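Below is one structure, written out as structure tokens, with a few remarks after it.
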Amino acid sequence: MKRTVSLLFIAALAALLLYVVANMPPMGDPANPTATHVIPRYLENAEEETHTENVITGIILNYRGYDTMGEVTVIFCALAAVLAVLGRERRGAIEGFVDRSEVVSSTIVRTMVRFMVPFILLFSLYTIFHGESSPGGGFQGGAIIGGSMIVFTTIFGLAESSRRVPQRIRAALEGAAVMGFFLVGALGLLGGGEFLTYAWPKVAPGLQPSLVVWLTILVEVGIGLGGAMVLTSILFAMIREEEIATAS
Amino acid sequence: MNWLSAVLGERILGTAKAFRRRGLLFVIMILFWIILTASLALHEMLLGAICSAAVAALTVSLLGRALDPHITPAVLLRLPLFMLRLIWEIVKANLDVARIILNPGLPIDPRIVEYRTYLPGDLPRTVFSDSITLTPGTVTVELRGDLLNVHCLCPYHEEGLAGLERLVAWLFGVRRDGEVRKGG
Amino acid sequence: MGAWRHFPILMITVPLLGAVLLPFLGYLRESWVPHVALLPLGFSTVLGFLLLGRIPSDGYLSYHLGGWEPPHGIEIRVDYVGLFLMLAICGITLLALVFSRHYISKEVSRGRRTAYFVLFLLMSGAMLGFAATGDIFNLFVFMEILALSSYALVAITGNRNAVRAAFKYVLMGAPSSIMVLLAIGFLYSATGSLNMADLAQRIAESGYTEVLTVSYILFVIGFGVKAALFPLHMWLPDAHSIAPSPISALLSGLLVEVSAFALLRITFSVFPRGAADLIGGTADAVGVAAAAAVLYGGIMAILQKDLKMMIAYSTISHIGYIFLGLTAFTAEGLTGAVYHMLDHGLAKACLFLCAGNFIYVKGYRRIEELKGAWRQMPWTCFAFALASISVIGIPPTAGFISKWYLILGNVRGEKWLYACVLLIGSILAAVYCFRVIYYMFFQAGREGAWEDSWNDAPPSMLTPVWMLSLGTLFFGIFSYLVIPSLLKAAAFLL
Amino acid sequence: MRLLHNYHYVAAMVLFCIGLYTVIVRRNIVKKLIGLNIMETSVFFFFISLGYLDGGMAPIRVGKADPSRMVNPLPQALILTGIVVAVSVTALALSLVILLYRQYGTLDVDRLMREEEQSETAEREERG
Amino acid sequence: MDEFLTAVALVISLNAVICLYRAAVGPTTQDRLLGVNIVGTKTLVVVILVTFILAENYFLDVAIVYALLLFVVTVAVSRYLEAEGWKEAES
Amino acid sequence: MTAKEIVAGIFCCIGTFFFILGTTGLLRMPDIFSRLHPSTKCDTLGACSVIVGMAVYSGWSWDLLKLIFIACFLLLSSATCGHAIGRSALRRDIPYWRRQDEGAKSGDGA
Amino acid sequence: MGTALNLALIVLLLTTAILAVTARDLLAAVIIFSVYSLIMALMWQRLQAPDLALTEAAVGAGVTTVLFVVTIFKTRRREEE
């Protein structure tokens, strides 16, 4: 019964959606509302206004910086939520953690991982720093660092991995990333602009272009490292085989 | 005073060793950076130097341990030749596998054989087993100490292993008795 | 333009920033966390009050983030209704936070307390951002912060039922968020804009009527799940009754309202008056669902045995009230809906906190166990009674005023049936509320269930309860302070 | 035949429905989460198709590229945020799954609900 | 030339569809992982081809990410497959 | 059609051929261990030759270096991935196919 | 020809999605889901969104998959009958 109702609901929704798609503007047409309304300004002026060659980065960090602030908060919130659900990690508990599966990973894989992790890290740094001129940016770089942490953790074990990236450092970077974003936003406030203006229009107009560039890079690095650490912490929290104290 | 100089010497030597590892890693990293950024502009190089230094400092304990005793300039010089030879082997391997796959009778007689290698250290063994995996009809499925378990598609594939081992030994300058040739 | 134009953004970011700083404090001095967590919310509340006289009831404050003007940048848009809601959010979260300090020792394990406060602040900041934003995608982002923190807060006790309720909530909440995102996509494809004010203009000119209609339907489904509109309410009773009481108060008193408010914004600010033919049919369907919700919620509440469960079902019924106010499409109905958001927020938060008091002092959850509670916990019981009166809608509480306007709006909109449904809903509310009150005051409990001496909850838990219940009284008696401006603002919205 | 021309949209909608079907009908909760992810990616796909321009280039101004031939960067910027949100929700939901399994020993929704009824009846009996 | 490269990409992606058979049927999880790895390699090649079809060379960064991620996923998953915890679960 | 394009085209065709070969092997081989062979060899070679073709096509540019890097990386990673999959199969005691018995028999590694 | 490639990719997407949804072995479903993400990323690259292709490859195929695998490792492998 319930199943039939759900299937009917889905079928109705599918029909509705297909009906809409049949009536939507043709894809890829330059005369579409999406291509004519807000976009031209971004494409024409992004380079002068935001000093980024990659228009997407310009939008993310400048035109819609508030969304990105929300995004960073979402990551932070996810971490807080996962730790709230699975229980916080006790200081120094993981470092003494013993892998219960008793499977030592293969020497070949270990050597290869040793060999590749530096490359992955450097590549992610490249992604973070070159977000304004090529595809990439803070969060992408962070996710790639997260990937390197994943492979390192699965191969070398949680204890080793968390010795290399201890909780202190993770917590500090996570907090600093979000906080940095807020403070950079407030900096614009102090300079007489609006929140998230990466400049001081009233105080030092001459400083503006270089200030924008530097603050953009700062924010990118913050997002990258913070995001990477959050992903790492979430991974650690999920791998950790520590029974949590449930209280009611 | 003797012990002091000994300790100092050791310290300096150790530092030098670590520095050499780090330096090697740094050079590799900055080369990779140049490939990535595809430019030789000054500010890119500066940024690259900073990033590479950071990565090298962070991961030297990771990569350095695997690299240090084995990577010498001579090895780096021999590497391209080794690669060429390996690619030739890979092409041969592929033609061989192609012959097997395209044969309607599928003439295979797979087995897992053991092979004891005389190559020392993790890196040469890893290179050896990866080369095995890439060359005719053999896949390394397990490496425990100096004992390799190799899955062979056909019995005659097993014979190729010794030649490959000689090739890897040549690359790392290892003699049959397990001594590492100094300097190359 | 003075510094006050920055107040809305500060109201939103300061709690979020506080949430980020709390873990460090928790690392250094864990016992300070509950106290320090009050600071950012208090700051926001003060800013909100300072802002009160600045915004005219037929205008709005527009703040361009990063200095990019609206269709290109993101706009924060606070109108009178929005500020009204933001103040309600600040006040109720502040009181619930005060309440939490003692309460969480009962339900939340030690290792999770810092996380509790972090998530609490994130949730309040997200609600404020949600209420204030003028950009439709930004709405989605804040909705997700809100959703994530509320999922985790439902599960924070970590016991079986809590985790199950939270998972149920995720399973309904996450697809609804995706539907909202899809709706935003449709809207964007037809108009090419994301700013609400700009969208209103573009929708009037756009020729893609089918796309817009379906987009609105998806908005209704998405926000309907978040707001627990009747056929989509399945997650609510579990989540609201199982979460720790201050969280129930927030979920029931604010989160649901805020989602309804988002739908209000979509209905009135985004789809302009001229687009009534686009959304008319859907709005009618919402009206039917809302009417069904009023009846269903009321009847189910009568059938419940668990106190918090009963209050949760009552919430479903009251969401129906709010939506009936929206679909009346009259200034009175809209005023009633907005006023009901405030009133219901106060009353429901108060009821849940009272239930929390019972749990804290005696561990009682079931309605039958409350027989004779008056003897031991008079303060809590009186506050409960006062809030119940507001829920029923008896003068002089705020509940009466809002229901009056709701009915008036529906009568003006010539929806007689809905007006009757609203009246019947009040009768149902009277049934389930008076049952509890009767048990509390006029029945003797089991032997030894209650002590004979007054041994109520600690003051830090009683103060919020009383402030909330007095709030319903205040807004009932002094409604003339707010209602005219609200009416004007509603007329401006329409 | 708008439908044929907009085949990207059609694909996105079909994927959306597959995901929704999984979320609603399949009983395993990990499967439901996979369905959720499929839904999310399909909506992202829809957004990106919205921004496509025939013969367009990626919106990265290397050299002096012609801005009028670039695809729409706005949906891409939005979806970047969307992906972050998606991974956050998935992480949270998965940690809930771990906890659920620890406490119920099952991943089947029906069984979870049945357990709940059982525990409720048990509670009722216990209370008299 | 673009047409030709597109045709190559098309053939390779059709190939990938066939490889999915292995990923779908199994019979062991290792088979599936292998199938997935192969599909991933093919996707990587298609990414490189698309880079040259669209003549936007920074897409190669994406290809590098693909290669890295394929390695990461395959190694991590096969490491989990090795672990003993599966034994009772699988039966 | 320049000579460069022709060479690139030939390399692409070779690569496609090896891909098809790999797919055939993947479908035809009897067990996981023998399936590793076509996947690690043919697919790697197929990918590498397409990459070489593209390297020829791009001419002398920075892309060439990136492509070479990707190719080297692919060689290493596919060998390692093949090994990792094979090792996990061995560890889980998945029987391997033997000619003599015309059927699956448990092999304990050697 | 470009359209044909797009169609082929869409077929791949649909196949992987259906396979991921129908597989009874959860681990297989997750592994196939990672291919789905990879192909989705490729599709996005075809639609000129390299930033997103990068993100999806790293997040969808990498992080999400591993989180799923960890979860399945900690819980139960097979779908219950």
Side-chain angles (χ1 to χ4, degrees), chain A residues 53-57 99-137 139-158 161 231 235 238-239 241, chain E residues 2-3 6 9-10 13 28-91:
Chain A
E53 284 175 6
N54 185 347
V55 183
I56 299 169
T57 312
D99 195 351
R100 269 195 221 159
S101 61
E102 291 172 7
V103 176
V104 181
S105 46
S106 156
T107 318
I108 300 170
V109 177
R110 279 172 174 255
T111 316
M112 290 311 296
V113 169
R114 276 177 203 281
F115 187 72
M116 279 178 186
V117 164
F119 287 96
I120 302 182
L121 284 181
L122 192 70
F123 182 73
S124 60
L125 284 179
Y126 162 77
T127 319
I128 291 174
F129 282 113
H130 281 250
E132 63 264 30
S133 61
S134 67
F139 185 72
Q140 290 93 323
I144 298 170
I145 297 180
S148 76
M149 287 313 297
I150 284 171
V151 70
F152 190 79
T153 311
T154 45
I155 298 306
F156 286 85
L158 191 55
S161 174
L231 290 178
L235 183 81
M238 287 180 66
I239 290 182
E241 185 64 78
Chain E
D2 283 359
E3 288 290 300
T6 319
L10 183 63
S13 36
T28 63
T29 313
Q30 279 82 2
D31 280 306
R32 297 173 197 268
L33 189 56
L34 186 64
V36 164
N37 191 7
I38 289 185
V39 175
T41 317
K42 285 175 178 153
T43 322
L44 166 66
V45 171
V46 176
V47 169
I48 292 172
L49 286 171
V50 167
T51 308
F52 284 92
I53 294 167
L54 300 176
E56 312 223 18
N57 51 8
Y58 39 76
F59 279 17
L60 281 180
D61 293 352
V62 184
I64 295 179
V65 175
Y66 264 67
L68 295 174
L69 261 296
L70 260 181
F71 175 73
V72 166
V73 168
T74 313
V75 164
V77 174
S78 60
R79 166 79 171 81
Y80 272 104
L81 280 177
E82 276 176 19
E84 290 295 305
W86 292 120
K87 269 194 176 153
E88 67 252 80
E90 203 174 3
S91 55

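Just so it is clear, the model here is predicted, and its values are computed rather than measured. Values reported hereafter were calculated over all heavy atoms of this structure, with side chains retained and with hydrogens, waters and symmetry mates removed. Reminder, nothing fancy here: chain letters follow the sequence lines and each chain counts from 1.
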Interatomic spacing from [atom1] in [X] to [atom2] in [Y] - rounded to 0.5 Å:
| X | Y | atom1 | atom2 | answer |
| --- | --- | --- | --- | --- |
| E:Asp61 | A:Tyr126 | CG | OH | 4.0 Å |
| E:Ile64 | A:Thr127 | CD1 | OG1 | 8.5 Å |
| E:Arg79 | A:Ile150 | CZ | CD1 | 14.5 Å |
| E:Leu60 | A:Ser134 | CG | OG | 11.5 Å |

task = Would you check, one step at a time, whether the test side chain to side chain contact (heavy atoms under 4.5 Å, CB included) holds for E:Leu68 with A:Phe119?
result = CA-CA 9 Å; E:Leu68 295 174; A:Phe119 287 96; 5.5 Å; no

key: Per-residue contact mode, E:Leu69 against chain A (heavy atom under 4.5 angstrom)   = neither

query = Can you say whether E:Phe59 sits under 4.5 Å from chain A via the side chain, the backbone, both, or neither, judging by heavy atoms?
reply = neither

